[in-house]
Each structure stands twice: as C-alpha cells, then as structure tokens.
Amino acid sequence: MVFLSQVTGPSWYARNPTGLNGLRANNCVMSNGSFLGKPVFYGRMKKMWVPPGLRPKRPSFQQLGREVSLLEVDGEDYLPCDVNMSGLYELPKTLEVVKYPDPRLRKENEEVDPCHPSVGEIARKMFQVMYADRGVGLAAPQVGINQRLMVYNPTGKPSSFLSQVVMVNPKIVDCSDKKVVDLEGCLSFPGIAGKVSRHEWVRVEAFKPGGKKIKLKLEGWQARIFQHEYDHLDGILFIDRMEPEERARAQFVLDQLVNNYKGNGIPQL
Ligand SMILES: [Zn+2]
C-alpha cells in the first residue's frame, strides 16, 4: 500500500477527483503487485457522490490519460512489454503498438478471465493507444499482451465513446456466405493498406469486462473491424488474407518494416 503523496507526475484525478476544492482529494485506493521483482502500483478511484450542481464536466480523454499517470511511481520506469499477463495482475505502465514482424503478433493468445478487475483498465489503455494512432480497432497482442481481448470504435473518435466496444474471449458463431472486399490498414503495419475479403456479417458471442455475456450480429464496417481484430487473436494478420497481387504491392514496405525491426524476439513473418 502506498499513499497518493508518493505518486509523482501530474494527475487531474489524483489532485482533485471531484473537481472541487475542499473535498477529499486523496480518496484513492492503491493496489500493488510486482513485475520482474519490482513493485508495480496502480490506483482505482472510489466513486463519490457530488451534488448535481457541483459536478465537474466529464473528463476528456486527455484527462483520463492523466489518470493513468497514477502508474508512475517515484519516477521509476517500468518496461511496458514482454509482461506475463497470466493473471493480469502485472500491469505495464504504458502500452505501445507492436509492429510487424514482432513475434508477439504471431503468438498464441490465451483466454482471459472477464471478471478480473484489470481487464477494464487494460481495455481503457488500449483505447488510448488506439486513438493516439488514429485507429478504429486494436487487439491485445498488438500491444504485446497475448490474451484474447479486443477493443474497437467504428467512428475512431474518442468523443463518440458510446460506440466503444470491448470484447473478451470473442467467438464467431455464424457468418454470411457472401463476402465483400474493401481496403484495410493495420496499426501494426504503418504505411500499408490493401484489399481484403471479409464476411458481410458475423454473429458473435463474447464477454464484457465484468463477465456479462453479449451476443451480437455485426454487419458492414463493424463486421470488418471485428474480423480484422479477431484474426489478430488467432495470430492471423491482414497481409495473410490479401490477394496475391495486393500482397506483392505491399512487399516493399513489408521488407522495410523487417529491416527496421529492432525488437528482442526473433522476427515472425
Ligand atoms: Zn491489425
């Protein structure tokens, strides 16, 4: 257990979670765990009731981003990737998009306990990474977490947060015979776009963070995003599904990505 005074760095929430002077600003529960033998601390704000007239405006995503700075403890730096997430207790401080040909994009992804309290927090951080890179979808292996978790927002706009979808352990239970071809890009493949054939619609079952089961029929753009991210959970990348001539067009940039790869693991093409 640590106290807020030990947490360094700016935090809109930490300094003043209610937006009001005079109310307790340190109403913050800190948890701790460990990563590679070092302590890792992360915080969770308690909800408190504030009279309607005194309620602050909904914090922006930038402000929510500052909330994550609770993870910065005494200025120490923790490596963000290569974390064994089994149990999901050991949260990386920051998430970064893993680029092709990083082997984590091809690794097997394990099922997640949707009721684990860290799932929601990881999903929120994945949204932040996704919006920062102007994406519409992100799968956990793309941030180095080899778990079956994905987030997407078909609008790509953080302001349209009601369109955000988080899926834990998603499964395709039915799909259309008809397929449609359209252009796709991927945050793990900067500079590459190509036409990919996808089912026109898919029926999906998944869990929300917290354990509620959801059943959805996805169509059109949303079905395409889902199938792209779902493929990531099976270690399948969109270049695998490109038509041969599309793939050939992308080969030059793919070679550049391979040449620029500076990760620790053995590249997996
Ligand atoms: Zn992708």
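The distance from atom CZ of F207 to atom CG of D113, rounded to the nearest 0.5 Å, is 10.0 Å. Rounding to the nearest 0.5 Å gives a distance of 6.5 Å between CG of L254 and CZ of F189. Taking CG of N109 as the reference point, atom CZ of R148 lies at 6.5 Å (rounded to 0.5 Å). With rounding to the nearest 0.5 Å, the separation of NZ in K215 from CZ in R203 is 10.5 Å. Note: K179 NZ to H199 NE2 = 4.5 Å, rounded to the nearest 0.5 Å. Atom CG in L138 sits 9.5 Å away from atom CD1 in I145 (nearest 0.5 Å).
Under a hydrophobic-cluster definition in which Ile, Leu, Val, Met, Phe, Trp and Tyr are linked whenever side-chain heavy atoms come within less than 4.5 Å, directly or via other members, I214 and V168 are assigned to different clusters. L149 and L187 fall within the same hydrophobic cluster, defined by Ile, Leu, Val, Met, Phe, Trp and Tyr side-chain heavy atoms under 4.5 Å apart, directly or through other members. In the hydrophobic cluster analysis, where Ile, Leu, Val, Met, Phe, Trp and Tyr join through side-chain heavy atoms closer than 4.5 angstrom, M150 is grouped apart from V112. Residues V165 and W221 share a hydrophobic cluster, clusters being chains of Ile/Leu/Val/Met/Phe/Trp/Tyr side chains in contact below 4.5 Å. When hydrophobic clusters are built by joining Ile, Leu, Val, Met, Phe, Trp and Tyr residues whose side-chain heavy atoms come closer than 4.5 Å, directly or via intermediates, V180 is not grouped with I225.
Contact between A139 and E229 at its shortest, heavy atoms only, is N-OE1, 3.3 Å. E200 approaches A223 most closely through the heavy-atom pair O-CB, 3.8 Å. What you find for Q222 and Y152 is that their closest heavy atoms are OE1-OH, 2.9 Å. Between I172 and C175, the closest heavy-atom pair is CG2-CB, 4.4 Å. Annotation for F238 and C186: closest pair CE2-CB, 3.8 Å, computed over non-hydrogen atoms. V143 and M126 make their closest contact through CG2-CG, 4.0 Å (heavy atoms, listed as atom of the first residue, atom of the second, distance).
Annotation: side chain of Q164 is not in contact with side chain of V151 (no heavy-atom distance under 4.5 Å). Taking the side chain as every heavy atom from C-beta outward, W201 and D174 approach each other to under 4.5 Å. Looking at heavy atoms from C-beta onward, L233 lies out of side-chain contact with N169 at the 4.5 angstrom threshold. Within the 4.5 Å cutoff, the side chain of K99 has no heavy atoms near those of the Y261 side chain. Using a 4.5 Å cut-off on side-chain heavy atoms (C-beta onward), L216 and F226 make no contact. Here the side chains of N153 and P158 are not in contact, with every heavy-atom distance at 4.5 Å or above. Side-chain contact between L237 and H232 is present, with heavy atoms from C-beta onward closer than 4.5 Å. At least one side-chain heavy atom of I192 sits under 4.5 Å from a side-chain heavy atom of L257.
For R224 (side chain) and V196 (main-chain N/O), a donor-acceptor pair under 3.5 Å exists by modelled atom type. For S188 (side chain) and Y100 (main-chain N/O), no donor-acceptor pair under 3.5 Å exists by modelled atom type. Using a distance-only test at 3.5 Å, with no hydrogens or angles considered, no donor-acceptor pair links the side chain of D234 to the main chain of I236.
Around the NZ atom of K107, the shell of radius 6.0 Å holds no more than 12 heavy atoms that belong to other residues, nucleotides or ligands. Crowding of E245 atom CD: a count of heavy atoms from other residues, nucleotides or ligands under 6.0 Å exceeding 12. In L183, the CG atom is crowded: over 12 heavy atoms of neighbouring residues, nucleotides or ligands sit closer than 6.0 Å. Surrounding NZ of K208 are at most 12 heavy atoms belonging to other residues, nucleotides or ligands under 6.0 Å away.
Looking at R198 and E184, a side-chain N of the basic residue comes within less than 4.0 Å of a carboxylate O on the acidic one, giving a salt bridge. A salt bridge is defined here as a Lys NZ or Arg NE, NH1 or NH2 lying under 4.0 Å from an Asp or Glu carboxylate O, and R106 with D240 meets this definition. Using a cutoff of 4.0 Å between basic side-chain nitrogens and carboxylate oxygens, K195 and E246 are not scored as salt-bridged.
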Subject >> side-chain contact (heavy atoms from CB on, under 4.5 Å) assessment of V129 paired with E96 >> reply: CA-CA 7 Å; V129 171; E96 287 176 9; over 6 Å; no

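At a cut-off of 3.5 Å, with distance as the only test, no side-chain donor of Q227 or D231 sits close to an acceptor on the other residue.
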